[in-house]
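Atom set for the values below is all heavy atoms of this structure, side chains included, hydrogens, waters and symmetry mates excluded.
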Amino acid sequence: MKCKYCGSNLGIEDAVCPYCGKENEQAAGYQTEKKEYSDEYEAVKKDVKEKSKLAGRIGRLIVISVMLVIIFLMSIFIISNSDVERRIKREEFEISREVAKNRSEITATLKNMEKNREYLAMDNYQLNYSLRANSDFDDYSRVFTAVINYGVIHDDILSIIDGYDYYGERTNKDWCYDAAIYISDWNKYVGGAFWGDSEDSPMHSGEHGEFLLNIKKETQDMVQVYFKLTDEEASSMWEMSEEELGELLYSKCKDIYPEESSDE
């Protein structure tokens, strides 16, 4: 499966993404469901055991029947997840083979997108080809991380404006804090030493360097325009903590859309 924040490969039991550190909601769901099966099994076993003292052989037959049913259900669950994992691995293999086959064309497309500052297009492109996890494109690591962050912040703003019903109970405050996370993490994961690269790495120079400067400035402008930040607030937002920035963005959001934030 893929991390919905950075697009990296995840295992079904990875609680957090090993690349960006964000929570893997699917893993949490898997662990919850697994625990429910276990709790159900223990509860039924205890209940049947108590009754078996009175019911004798009938109780033992019930225990055996219940255990067989639970084993059957768990087998279906395990097989189902195994099938999903096999399908994901097969898809990853096909994508990797396609990237290797069309590497020159993909590299040319990336250069063109980078030159034209097509942030959202590059975000979707690298995700479709799993380029973020492909070592052949390591010199684009910071660029890919930057467009991923830009894309998430952009989508958070759209969620506040239009609302995304399929995200359930998420509120404008949730979206504001989500944007704050990616803004606060920018210096660490895009501009910092997270990648362990040297100062003379291609990630810092040439078109990559110019691209990173541009996308950070345009991200700041996007956030400033939508949340109506002052110049001082916009320039200092990169150094704020997640909590401090989240509160700032939400306070601005409430001023812009008071009727939508009144129930939050």
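- Look at Glu114 and Lys111 and you find no salt bridge, because none of the NZ, NE, NH1 or NH2 atoms lies under 4.0 Å from a carboxylate O.
- Contact check for Leu248 versus Phe227: no side-chain heavy atoms found under the 4.5 Å cut-off.
- A side-chain donor-acceptor contact under 3.5 Å links Ser141 to the backbone of Asp138.
- In summary, the side chains of Gln224 and Asp231 do present a donor paired with an acceptor at a separation below 3.5 Å, with no hydrogens or angles considered.
- Without hydrogens or angle criteria, Ser96 side chain to Glu92 main chain gives no donor-acceptor distance under 3.5 Å.
- From Met113, atom CE reaches atom CD of Gln126 across 10.5 Å, with rounding to the nearest 0.5 Å.
- If you check the side chains of Lys216 and Asn187, you find a donor sitting under 3.5 Å from an acceptor.
- In terms of heavy-atom proximity, Ala180 sits nearest to Glu242 at CB-O, 3.7 Å.
- Inter-residue side-chain proximity for Thr109 and Met122 is flagged as unmet; no heavy-atom pair is nearer than 4.5 Å.
- Panel note: side chain Asp174, backbone Thr171; a donor-acceptor pair is recorded below 3.5 Å.
- Contact record, Arg142 with Gly191: NH1-C, 3.3 Å, taken as the closest heavy-atom pair.
- Taking each heavy atom of Thr145 and Val190 in turn, the nearest pair found is CG2-CG2, 3.8 Å.
- With sequence neighbours excluded, the residues forming a side-chain hydrogen bond (donor to acceptor under 3.5 Å, both in side chains) with Glu243 are Tyr177, listed by chain and number.
- The shortest non-hydrogen separation linking Ala179 to Asp156 is N-OD2, 3.1 Å.
- Distance check: Leu249 CG to Ile183 CD1 gives 5.5 Å after rounding to the nearest 0.5 Å.
- The shortest side-chain heavy-atom distance between Asn134 and Tyr129 does not fall under the 4.5 Å cut-off.
- At least one donor-acceptor pair under 3.5 Å links the side chain of Asn116 to the backbone N or O of Asn112.
- For the pair Tyr150/Asp123, no side-chain contact is recorded, criterion being any heavy-atom separation below 4.5 Å from C-beta on.
- Residue Trp175 is not grouped with residue Val225 when hydrophobic side chains (ILVMFWY) are merged at heavy-atom distances under 4.5 angstrom, including chains of intermediate members.
- Atom CG in Asp185 sits 10.0 Å away from atom CZ in Phe194 (nearest 0.5 Å).
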Next on the checklist: With ring-ring contact (aromatic ring centres under 6.0 Å, His included) as the criterion, how do Phe211 and Tyr119 come out once you've worked through the C-alpha distance, each side chain's angles and the decisive distance to 0.1 Å?
Outcome noted: CA-CA 10 Å; Phe211 181 91; Tyr119 308 132; 5.4 Å; yes
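- Taking 4.5 Å as the limit, every side-chain heavy atom of Thr219 sits out of range of all side-chain heavy atoms of Asn149.
- Side chain of Glu247 to backbone of Glu244: no donor-acceptor contact under 3.5 angstrom is found.
- Here the closest heavy-atom approach between residue Ala146 and residue Trp186 is recorded as O-CH2, 3.7 Å.
- Met222 CE to Ile157 CD1: the interatomic distance, rounded to the nearest 0.5 Å, is 4.5 Å.
- Comment: Arg117 does not engage Glu218 in a salt bridge, judged by the lack of any side-chain N to carboxylate O separation of less than 4.0 angstrom.
- Of all heavy-atom pairs spanning Cys176 and Cys253, the tightest one is SG-CB, 3.8 Å.
- Contact check for Val147 versus Ile215: side-chain heavy atoms found under the 4.5 Å cut-off.
- When atom types are taken as modelled, the side chain of Ser130 and the backbone of Ile95 share no donor-acceptor pair closer than 3.5 angstrom.
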- prompt: Going through the checks in order, is the side-chain contact (heavy atoms from CB on, under 4.5 Å) test met by Leu213 and His208?
  reply: CA-CA 9 Å; Leu213 289 174; His208 290 344; over 6 Å; no
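- Surrounding CD of Glu94 are more than 12 heavy atoms belonging to other residues, nucleotides or ligands, all under 6.0 Å away.
- With rounding to the nearest 0.5 angstrom, the OH atom of Tyr250 is 10.0 Å from the CD1 atom of Ile160.
- With hydrogens and angles ignored, the 3.5 Å screen pairs a side-chain donor or acceptor of Thr230 with a backbone N or O of Glu233.
- Leu110 CG to Arg103 CZ: the interatomic distance, rounded to the nearest 0.5 Å, is 11.0 Å.
- With a 4.5 Å cut-off on side-chain heavy atoms, Asp155 and Leu158 count as touching.
- Put simply, the side chain of Trp195 gets close to the backbone of Tyr189: a donor and an acceptor are under 3.5 Å apart.
- Residues Arg132 and Phe137 fail the side-chain proximity criterion, which asks for heavy atoms closer than 4.5 Å.
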